[in-house]
Amino acid sequence: MNLRAARGTRDVLPPEVDRWQRVESVARRTFALYGMQEIRTPIFEDSKVFEKGTGEQSEIVQKEMYRFTDLGGHDLTLRPEGTPPVVRAYLEHRLAEGKDVTKLYYIGPMFRYERPQKGRYRQFHQIGAEAFGSEDPAVDAEVIEMAMYWLQELGVESPTLYINSVGDKDDRPSYMEKLVAAQREHLAELSEDSKKRHEINPLRVFDSKNPRDQAVIEKLPTIIDHLSGGNRDHLDRVCAYLSDWGVEFQLEPRLVRGLDYYRRTVFEITSSALGAQDALLGGGRYDGLVQQMGGKVDAPAVGFASGLERIVLAMPDELPVPSVDCFVVTIDESVRAAGLDVMWRLRHSGIRTTADYQGRSLKAQMRAANRSTAPTVVIIGPDEVASGTFTIKRMSDGQQVSSEIDSLAEDIRTLLASEG
RNA sequence: GUGAGCGUAGCUCAAUUGGUGGAGCACUGGGUUGUGGUCCCAGCGGUUGGGGGUUCGAGUCCCCUCGCUCACCCCA
């Protein structure tokens with residue numbers, strides 16, 4: 001086998017693709033209930049979009065981007081995440097005008113150069129949602145509740161929702177001083193990775209899975225205990241709304257997110273069905289990002305992104321559904337044209353129809369019909385063509401009925417409907 | 001980027017201490033007239049991921065390389 005899908009990419013083949021389509025269609029239907037509209041942004045952007053948006057110091061921009069120069073000398077990047085492009089489009093097209101909140105969602109591939117792993121690919125797919133223009137905790141809660149409702153509609157098994165607040169300019173600087181000081185006391189006990197985190201982004205020490213670090217992490221001050229009055233109140237109200245709406249969650253003081261732009265509310269939904277990459281969905285509030293990306297005034301915003309590969313992994317198995325309703329078989333070459341005519345008629349009557357095109361024996365065609373899982377077969381031979389009456393066979397029980405050419409579609413529908 | 005495990009037919013897996021690479025499933029044809037699934041018979045199918053080395057002889061041992069998987073890391 002010579003040609004293969006590139007490392008970290010994969011093909012989604014027919015049995016599985018049904019699940020993907022379901023995730024997407026349920027998302028569209030659910031998000032619409034919250035007044036969300038779809039936005040489609042380009043797969044690649046000027047690299048500055050991510051340098052300014054994701055953050056020049058972030059791991060993603062530093063080492064994970066598919067970044068290239070095109071033939072015209074432009075510095076471009078395959079999008080590693082969805083939020084910066086949406087913010088760019090929000091500003092470029094002045095989507096805020098005339099609106100209180102602007103609610104957008106996106107679906108599509110993202111690209112990060114990482115070592116592939118269970119639930120982690122170099123081309124992966126996200127569904128994300130963003131609400132711009134309000135800092136009302138009701139909007140935070142609404143976005144979170146929408147995500148949970150969506151996963152519930154998909155039947156995702158026991159998702160766990162974690163919530164925290166990472167503060168903002170009012171309380172973050174003073175907290176960071178305390179955190180850095182506390183980390184410095186235990187620096188020798190920290191892993192090499194965490195020492196680096198301590199230098200670059202001290203908050204992310206909380207993310208370490210290293211057992212050695214855990215002991216230190218236990219002793220570090222948490223930001224939730226150092227929130228300003230306003231930010232504490234904001235978090236409490238988010239939680240209160242969620243409780244009102246029956247959403248179960250856990251307050252996780254050590255939850256921090258990898259992206260630097262989060263302010264105040266952060267959240268994550270995990271599934272035990274996943275393994276090490278257990279985050280199905282993550283997000284939070286990112287007040288300040290709009291201005292950082294060039295907005296004349298800031299628009300507060302909150303949103304999330306979810307990993308489709310991971311959601312599909314966490315969904316329960318389903319029985320495959322037939323992809324066609326009817327399979328047309330022809331006895332011999334003399335009735336081939338009649339078979340094609342019947343197929344054309346059925347399709348234009350809304351019956352999903354296919355056939356075996358190799359001119360094989362009747363037995364072989366029936367085998368193909370059986371394999372196709374088509375619930376019905378129309379059998380066409382010289383007798384049928386002469387009389388204009390065709391035989392419909394129901395595969396589940398072998399029952400056969402005769403049908404005139406003009407009532408074929410209807411009779412097939414009747415047979416399908418009467419099937420348990 | 002770091003570490004570990006694994007690469008044999010389309011799929012799941014066998015192959016004594018190095019000694020002629022097999023099975024099940026799938027696929028194709030047949031089991032007498034124009035009918036699938038179960039059953040029976042037959043058939044197709046592999047440079048054992050690739051390259052080099054050791055050996056009379058390598059799927060098996062050694063080295064390199066590519067890929068897959070899992071974890072670290074990163075994060076959806």
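Residue numbers begin at 1 in each chain, while the letters A, B, ... track the order of the sequences.
Within 3.5 Å, a donor on the side chain of A/Arg120 pairs with an acceptor on the base of B/C73, or the reverse. Between the side chain of A/Arg112 and the base of B/C75 there is no donor-acceptor pair of N/O atoms closer than 3.5 Å.
Taking a cutoff of 4.0 Å between a charged side-chain nitrogen and a carboxylate oxygen, A/Lys103 and A/Glu130 do not qualify as a salt bridge. Electrostatic pairing of A/Glu199 and A/Arg197 does not count as a salt bridge here, judged by no charged N lying under 4.0 Å from a carboxylate O.
Residue A/Ile311 is classed as having no contact, given no heavy-atom separation below 4.0 Å to the nucleic acid. Among the protein residues, A/Lys209 comes within range of the nucleic acid bases, having at least one heavy atom under 4.0 Å from a base atom. Residue A/Tyr121 is in base contact, counting any heavy-atom pair closer than 4.0 Å across all strands shown. If you check every strand for non-hydrogen atoms under 4.0 Å, A/Ala305 touches sugar and phosphate atoms only. A/Gly119 comes within contact range of at least one nucleobase, with a heavy-atom separation under 4.0 Å. Residue A/Arg197 is in sugar-phosphate contact alone, with no base atom involved, counting any heavy-atom pair closer than 4.0 Å across all strands shown.
Summarising the geometry, the separation between CD on A/Glu81 and P on B/C74 is reported as 16 Å, rounded to the nearest angstrom. Following rounding to the nearest Å, A/Asp213 (CG) and B/C74 (C1') show an atom-to-atom distance of 15 Å. For the pair A/Glu192 CD and B/G1 P, the interatomic distance rounds to 20 Å; values are reported in whole Å. Spacing between atom CD of A/Glu64 and atom P of B/C73 amounts to 13 Å, rounded to whole angstrom units. To the nearest angstrom, C1' of B/C72 lies 12 Å from NZ of A/Lys63. The distance from atom OH of A/Tyr113 to atom P of B/A76 is 20 Å, rounded to the nearest whole Å. A/Ile200 places its CD1 atom 14 Å from the P atom of B/C73, with the value rounded to the nearest Å. A/Leu313 places its CG atom 20 Å from the P atom of B/C75, with the value rounded to the nearest Å.
Between the side chains of A/Arg360 and A/Gln365, no donor-acceptor pair is found at a separation under 3.5 Å. For the residue pair A/Glu81 / A/Thr54, a side-chain donor-acceptor distance below 3.5 Å is found, with atom types taken as modelled. Side chains of A/Thr222 and A/Asp225: a donor on one and an acceptor on the other come within 3.5 Å. Side-chain atoms of A/Asp213 and A/Ser191 include a donor-acceptor pair closer than 3.5 Å. Residues A/Ser165 and A/Asn231 have side chains that never bring a donor and an acceptor to within less than 3.5 angstrom of each other.
Between B/A76 and A/Arg257, a contact under 4.0 Å exists linking OP1 or OP2 to a side-chain N or O. Within the structure, every side-chain polar atom (N or O) of A/Gln277 is placed at least 4.0 Å from both OP1 and OP2 of B/C73. Taking 4.0 angstrom as the limit, A/Gln117 places a side-chain polar atom (N or O) nearer than this to OP1 or OP2 of B/A71. Side-chain N/O atoms of A/Arg204 include none lying less than 4.0 angstrom from OP1 or OP2 on B/C73.
Between the side chain of A/Arg19 and the backbone N or O of A/Val312 there is at least one donor-acceptor pair closer than 3.5 Å.
With both ends at atom C1', the span from B/G67 to B/G49 equals 7 Å, rounded to whole Å. Comparing B/U60 with B/G53, their C1' atoms sit 15 Å apart, to the nearest whole Å. The separation of B/G1 from B/C74, taken at their P atoms, amounts to 16 Å, rounded to a whole angstrom. The gap from the P atom of B/A58 to that of B/G50 amounts to 15 Å, rounded to the nearest Å. Separating the P atom of B/U28 from that of B/C63 is a span of 44 Å, rounded to the nearest Å. Nucleotides B/U20 and B/A4 place their C1' atoms 36 Å apart, quoted to the nearest Å. Here, B/G31 and B/C70 have their P atoms 47 Å apart, quoted to the whole Å. Nucleotides B/C62 and B/G7, compared at atom P, are 13 Å apart to the nearest Å.
Listed by first and then second residue, the ring pair (Phe, Tyr, Trp, His ring centres under 6.0 Å) pairs involving residues 8-30 of chain A are A/Trp20-A/His125 (not counting sequence neighbours).
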Walk me through it: do A/Arg285 and A/Glu135 pass the test salt bridge (charged side-chain N to carboxylate O under 4.0 Å, His left out)? CA-CA 8 Å; A/Arg285 176 163 283 284; A/Glu135 51 185 330; 5.7 Å; no
Return a single string for nucleotides 29-42 of chain B, one symbol per nucleotide in 5' to 3' order, where B is base contact, S is sugar-phosphate-only contact and - is none, cutoff 4.0 angstrom on heavy atoms. S-B--BBBB-----
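Rounding to the nearest 0.5 angstrom, the gap separating the OG1 atom in A/Thr30 from the OH atom in A/Tyr149 is 6.5 Å.
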So what is the 5' to 3' dot-bracket string for RNA chain B, if pairs are Watson-Crick or G-U wobble with both distances under 3.5 Å, crossing pairs use [ ] and | means the partner sits on another strand? (((((((..((((.....[..)))).(((((.......))))).....(((((..]....))))))))))))....
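Proximity note for A/Leu259 (side chain, C-beta onward) versus B/U2, B/C72, B/A76: the nearest is B/A76. In this structure, of B/C73, B/A76, B/C72, it is B/C72 that holds the atom nearest to the side chain of A/Arg115.
Annotation: of the two residues near RNA chain B, A/Glu59 and A/Ala6, the 5′-most nearest-nucleotide partner is A/Ala6. Heavy-atom nearest nucleotides on RNA chain B were determined for A/Phe124 and for A/Gly275, and the one closer to the 5' end corresponds to A/Gly275.
In this pair, A/Tyr66 and A/Phe111 present their aromatic rings perpendicular. The plane angle is above 60°, beyond the 30 to 60° band.
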